[in-house]
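Accompanying notes for the structure given below.
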2 protein chains.
Amino acid sequence: MDLTAGDLRELERLAATGRRFPAQTPLLHQSDVPENAILVLDGFACRYKYLTNGRRQITAYLVPGDLFELDLEYRLPLDCALGTLTACRLAVLPRPDYEDLLRRRPRIARGLQMMRLTEAAILREWITNLGSRSGPERLAHFLCEMLLRLRTTGLASDNQYSFPITQADLADTLGMSCVHINRVLQKLRRDGLIELSGRRLTILKPEGLRTLAEYDASYLEPAAIPLRPCVSDRPAA
Amino acid sequence: MDLTAGDLRELERLAATGRRFPAQTPLLHQSDVPENAILVLDGFACRYKYLTNGRRQITAYLVPGDLFELDLEYRLPLDCALGTLTACRLAVLPRPDYEDLLRRRPRIARGLQMMRLTEAAILREWITNLGSRSGPERLAHFLCEMLLRLRTTGLASDNQYSFPITQADLADTLGMSCVHINRVLQKLRRDGLIELSGRRLTILKPEGLRTLAEYDASYLEPAAIPLRPCVSDRPAA
DNA sequence: CGCTCGGTTGATTATGGTCAATTCGCGTGG
DNA sequence: CCACGCGAATTGACCATAATCAACCGAGCG
């Protein structure tokens, strides 16, 4: 992105203000009217919905650099809840500060416009994933997406990244039971595609995983707007 | 919405320019860079993706009043294709006209902002639907959503609407095989919830259908922006 | 040391997919 | 007017994928 030095300073300043939250913390719930924008600095957060039968569906991941936005004009109640998956560091931006930031930093505002397009593309990709792919394909697709998204902020070097997500959360993400997630994970391991030990994921055969998932990354291409300064100097290509 | 008389005239003028397209016509395909915005005046269109295994996933329905938007600043290639489901009448708006319309009609532009929020909410709802609900629940949810969306443009009176969608298309929408769709439809009929004959759907027990689907319409509430003048004077409440 | 959470395993069941044949509705051409 | 043909809907038989239930393991923590 074509952010100015001033824009970047602004983002650095934001990144300094992070508050810590433990894993599995609800931040906002459905039908709340949010008064803060939230920038993820560290850890994974997500949007999710509960059904009355107890099932939970995660509808989006927020990884470092992702922003939970406010709609400016209308104050619509949320259509889904927001919470952390892992321990997180979050920058909490009250509405006035958020509006002010967008006014003062038009290039950042432009970047957010792009981010919205990417977010919608990801949602459509998830619909395709849930509707049209088998268990192993679904999981493979999700892991490929995470790899690319984490790369844009330098959080994935090579083909591995920190992945401290429980299998139960994965199940809620991919619309499967956690027993089944466990078996699908084992299949990917058995096929030598991935290695998942501790809280770190290594993709052993990136090409194989992409083939299995029919992964086409073009929907993410425009996503190269790290709102969070990269940790490493240069994200892996 | 708070559109002015001038805004409405503008929309009326647009609605007069519609071109007709037969059912199942591809309009744009994936990775195209669109040069026209498209307003649906009549019939159903959709966004969809093909996988190489032949499966197709529909990711969004465009019903009369819905707009296929252009992104103004970036000319991103499409992440999914666009085509008609039924015979359609569409207003095709070349990019310059579209940009011009938004410049001249700030209230319409504001309305589109709201539309985008609703679209995203619908996508998240679909993710939940595909990931967390059984066949009958999924179908019921979809039918409830269509009822409400068609009501906003006066295309559903009471609890029935014209529904000329093939079972194969329904299958591609809900991530099931068309054999299964057929059986699920029969179950809803057998349970006295709906009647679907010819190309018309009647919801016999609206409350029952909503209960089955756990349908909560709040994600659609803000959608009351018919870009297409209502046929009837007053959409059903 | 024992508890708890997350991960793993096996057995059983259910939901939904696939294949293949049949029927129905409807428009077309003889 | 009727036979034909085509796409869509329907049905049955069989199979695969994934859910459920229940038990067990293993690491980390108070």
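As the structure is a computational prediction, the values presented were derived from the model and not from experiment. So that the names make sense, note that chain A is the first sequence line, chain B the second, and so on, each numbered from 1.
Distance, A:Met176 CE to C:dG16 P: 15 Å, rounded to whole Å. Atom C1' of nucleotide C:dG6 and atom CG of A:Leu196 are separated by 12 Å, given to the nearest angstrom. Distance, B:Arg183 CZ to C:dG16 C1': 10 Å, rounded to whole Å. For B:Ile181 and C:dT18, the CD1 to C1' distance is 16 Å, given to the nearest whole Å. Per the geometry, CD1 belonging to B:Ile165 stands 15 Å off C1' belonging to D:dA9, to the nearest Å. In this structure, the CG atom of B:Leu139 is 15 Å from the C1' atom of C:dT15, given to the nearest Å. For B:Asp172 and C:dG17, the CG to C1' distance is 14 Å, given to the nearest whole Å. For B:His180 and D:dA13, the NE2 to P distance is 18 Å, given to the nearest whole Å.
Remark: A:Gln167 is not in phosphate contact with C:dC5, judged by side-chain N or O atoms under 4.0 Å from OP1 or OP2. Not one side-chain nitrogen or oxygen of B:Gln24 sits closer than 4.0 Å to the OP1 or OP2 atom of D:dG7. Between B:Arg189 and D:dT10, a side-chain N or O to OP1/OP2 separation shorter than 4.0 Å is present. Taking 4.0 angstrom as the limit, A:Asn182 places none of its side-chain polar atoms (N or O) nearer than this to OP1 or OP2 of C:dG7. Contact annotation: B:Gln186 does not reach the phosphate of D:dA9 (side-chain N/O to OP1 or OP2, under 4.0 Å).
Atom CZ of A:Arg19 has 12 or fewer heavy atoms from other residues, nucleotides or ligands within 6.0 Å. When the shell of 6.0 Å around CZ of B:Arg200 is examined, it contains more than 12 heavy atoms from other residues, nucleotides or ligands.
As judged by a 4.0 angstrom heavy-atom cut-off over every strand, B:Ser177 is placed among the base-contacting residues.
Of the candidates B:Tyr61, B:Tyr215, B:Tyr219, B:Tyr219 is the only one forming a side chain to side chain donor-acceptor pair (under 3.5 Å) with B:Glu145.
Judged as a ring-ring contact (aromatic ring centres under 6.0 Å, His included), and not counting sequence neighbours, the contacts of A:Tyr48 are A:Tyr50.
Here C:dC19 is the nucleotide among D:dT10, C:dC19, C:dG6 with the atom lying nearest to any side-chain atom of B:Val179.
A salt bridge links B:Arg133 with B:Glu125: the closest approach of a Lys/Arg side-chain nitrogen to an acidic carboxylate oxygen falls below 4.0 angstrom.
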